[in-house]
Each structure stands twice: as structure tokens, then as C-alpha cells.
> 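Take this structure, written in C-alpha cells, and hold onto it; I'll ask about it next.
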Amino acid sequence: MVKVAASVLDADFQKWREWLPKLSKADRIQFDIMDKKFVPNKGLDKKRISELRPKTKLFFESHLMVEKPEQHIEEFAGLGNQLLIFHIEATDKPLAIIEQIEEHGMKAGIAINNQTEAKTIFPYLDKVDLALVMSVQAGFGGQKFNSLALDKIHALRKKIDSGELDCEIEVDGGINLETAGQCVEAGVDVLVAGTGIFRNPKGIEKAIEELKKL
Ligand code: DX5
């Protein structure tokens, strides 16, 4: 069964008491962290992680859309974040960053943005727990799904399966019932959705339920 990570980038944190209980059927919460340099947006304040930590048992992952990710790792370890994802485009020393993330007791994920080919992260798939394929240009919620992501998911699926690697494939951006179905067919393990969950006319719980059934 496919896993669902609820992206809370555009959630109203004043109303967390309303939506957090409704995320119970999700598998994870994803926090989008941005530095206004790697992407032109400010993203979430990392304090949201420690705020929510005591209020839910859900798995926490953080998506670093920042330059110099190595400078951010330590501050995430103490917040209750369990998986830290960095962008391959933001570093020329991915192995050192993966090691640093794991030294701080977190699982490591590596992300590729819209313009980056899947093979760019092939050399690291045996070192990380997750490979994130962006299906929009990182930085903003509510964008349209870019179907180029499907070929990347398929290529990663083949590489991971042929090497019997223990690495999840995650997709993020423009995920709704239709695009999610295409991603599941291509071999994705985890769907990240923000708008598709929080702005779903059927409501948060139904949105998650429908995605998980794919
Ligand atoms: C964009 C973020 C996405 C976003 C969710 O850079 O990484 O996770 O919050 O996107 P939508 O709203 O398209 O699901």
C-alpha cells in the first residue's frame, strides 16, 4: 500500500487542533524548510516541528530546500524530526551530508528538483533511506504536476529493485488522486500532498483515505 506524507507548508498553524487529528490516517508529516536562496520562498519555521512533536505519533520528515544543507542538520536532530531530505543540487558533497544526517540520529533522504535527471542520484541510492522526486519546481505548494517525474520514478524503481536496495521513492508536488495514480503505477512508495489534502473538497480524511487506496 502506498504511503502518504501530508505536507503542512500551507496549513494554518493557528488551527492545528482542527487539522492535526484529521491527519491520523496519514503515514507522515512533511515540513518544507526554505532559505529564500535555494528557492524564492520562506517555507515553514522549524519551530513548527517541535510544536507538533508532542501532539502526534506520526513520523516526521523535513524537506530542506536550502543552500549549504550541512549547516542546517544539527538543529533538526533535537526537534523530533526523523528523516531529513536535502537536494543534490545544493551540494557537491552528498556523501558527507548523508553521513552527518545519520550521525545526528536521523534517516537520510536525497531530492532531485524538476530539472535534474534521476541518474544524478543513482550513486547514492545505497546510502539513503529515501529518494525524493520533485514533480514541481521546489518552493511553492499548489503548482501543476510535471509528468517528467513519472520517467524518473520509473528509472529509480528499476535501479532500486535491480540492486535490491532499501530506499523508498517519494514524489512531491501537484499530487492529487489522478497524478498519484500515475506515480503509483510508475513505482512510487510515498506520496507527498499539501493542496491535494488540505484543500480537498471532500475533506482531509477522505483525501488521505483515497490516496492510500491507490
Ligand atoms: C513545494 C513543496 C511541496 C508543497 C506541497 O516545494 O515541497 O511539498 O508543499 O505541494 P502541493 O500543494 O502541490 O501538494
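Basis for what follows: all heavy atoms, side chains included, without hydrogens, waters or symmetry-related copies. All ligand and atom numbering here is 1-based and tracks the order in the structure. Along the sequence shown, residues carry numbers from 1.
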> Any atoms of ligand 1 less than 4.0 Å from a non-hydrogen atom of Gly139? List them with their elements.
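Within the 4.0 Å cut-off of Gly139, ligand 1 contributes 1 (C), 6 (O).
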> Side chains of Gln30 and Glu170: is there a donor and an acceptor less than 3.5 Å apart?
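Note: Gln30 and Glu170 side chains meet the donor-acceptor criterion.
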> Write out the residue and atom name of the closest protein heavy atom to atom 5 (C) of ligand 1, then the distance separating them to 0.1 Å.
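Scanning the protein heavy atoms, the shortest distance from atom 5 (C) of ligand 1 goes to Ser7 OG, 3.7 Å.
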> What protein heavy atom sits nearest atom 2 (C) of ligand 1, and how far away is it?
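Answer, as residue, atom name and distance: Asp32 OD2, 3.5 Å.
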> Side chain or backbone of Thr195 under 4.0 Å from ligand 1, or both, or neither, by non-hydrogen atoms?
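For Thr195, the contact with ligand 1 is made by both the backbone and the side chain.
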> Which protein non-hydrogen atom lies closest to atom 14 (O) of ligand 1, naming both residue and atom, and how far is it?
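Residue, atom and distance for the closest contact: Gly194 N, 2.7 Å.
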> Indicate yes or no: does an N/O atom of Met34 lie under 3.5 Å from an N/O atom of ligand 1?
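For ligand 1, there is no N or O atom that lies under 3.5 Å from one belonging to Met34.
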> Can you name the atoms of ligand 1, numbered from 1 with element, that are less than 4.0 Å from a heavy atom of Ala193?
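Answer, ordered by atom number: 14 (O).
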> For atom 7 (O) of ligand 1, what's the nearest protein heavy atom and its distance?
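Result: Asp172 OD2, 3.0 Å.
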> Take every heavy atom of Gln30, measure it against each atom of ligand 1, and state whether any distance is under 4.0 Å.
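Distance cut 4.0 Å: Gln30 passes for ligand 1.
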> Is the gap between the ring centers of His87 and Phe38 under 6.0 Å?
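Close enough - the centres of the two rings lie under 6.0 Å apart.
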> Could you tell me whether Glu209 and Lys213 have a side-chain N and a carboxylate O separated by less than 4.0 Å?
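Here Glu209 pairs with Lys213 in a salt bridge, since their nearest N and O are under 4.0 Å apart.
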> Below 4.0 angstrom from a heavy atom of Phe140, which ligand 1 atoms are there? Numbered from 1 as shown, please.
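Going through ligand 1 atom by atom, the ones under 4.0 Å from Phe140 are 1 (C), 6 (O).
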> Is there any N or O on Leu9 that sits under 3.5 Å from an N or O of ligand 1?
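Between Leu9 and ligand 1 (N or O atoms, distance only) the closest approach is not under 3.5 Å.
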> Using a distance-only test with no angle check, is there a side-chain donor-acceptor pair under 3.5 angstrom linking Thr179 and Asn176?
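Yes.
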> Can you give me the closest heavy-atom contact between Thr120 and Pro123, atom names plus distance?
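Reported closest heavy-atom pair: O-CD, 3.5 Å.
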> Would you say ligand 1 has an N or O under 3.5 Å from any N or O of Gly174?
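Such a contact does occur with ligand 1.
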> Could you list which atoms of ligand 1 come closer than 4.0 Å to a heavy atom of Gly173?
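By the 4.0 Å cutoff, the relevant atoms are 13 (O).
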> Indicate whether any N or O donor in one side chain lies under 3.5 Å from an N or O acceptor in the other, for Asp10 and Thr195.
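No, Thr195 and Asp10 have no side-chain donor paired with an acceptor closer than 3.5 Å.
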> Mind checking whether Ile112 and Met134 have side chains closer than 4.5 Å, heavy atoms only?
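Side-chain contact under 4.5 Å: no.
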> Do any N/O atoms on Ala138 end up under 3.5 angstrom from N/O atoms on ligand 1?
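Ala138 vs ligand 1: no N/O contact under 3.5 Å.
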> Give the atom numbers and elements of ligand 1 that come within less than 4.0 Å of a heavy atom of Gly141.
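It comes down to these atoms of ligand 1: 4 (C), 10 (O), 12 (O).
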> Are Asn81 and Ser62 linked by a side-chain donor-acceptor pair shorter than 3.5 Å?
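Yes - a donor-acceptor pair under 3.5 Å links their side chains.
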> Would you mind checking if Glu168 and Lys107 are paired as a salt bridge, meaning a charged N to carboxylate O distance below 4.0 Å?
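So Lys107 does not pair with Glu168 through a salt bridge.
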> Relative to the heavy atoms of His63, which atoms of ligand 1 are at a distance of less than 4.0 Å?
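Under 4.0 Å from His63, ligand 1 has these atoms: 7 (O).
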> More than 12 heavy atoms of other residues, nucleotides or ligands under 6.0 Å from CD of Glu164: yes or no?
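No, the 6.0 Å shell around CD holds no more than 12 heavy atoms from other groups.
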> Lys42: what forms a salt bridge (charged side-chain N to carboxylate O under 4.0 Å, His left out) with it, not counting sequence neighbours?
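Checked Lys42 against salt bridge (charged side-chain N to carboxylate O under 4.0 Å, His left out); zero matches.
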> So is Gln137 close enough to ligand 1, meaning a heavy atom under 4.0 angstrom away?
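For ligand 1, residue contact (heavy atoms, under 4.0 Å) with Gln137 is absent.
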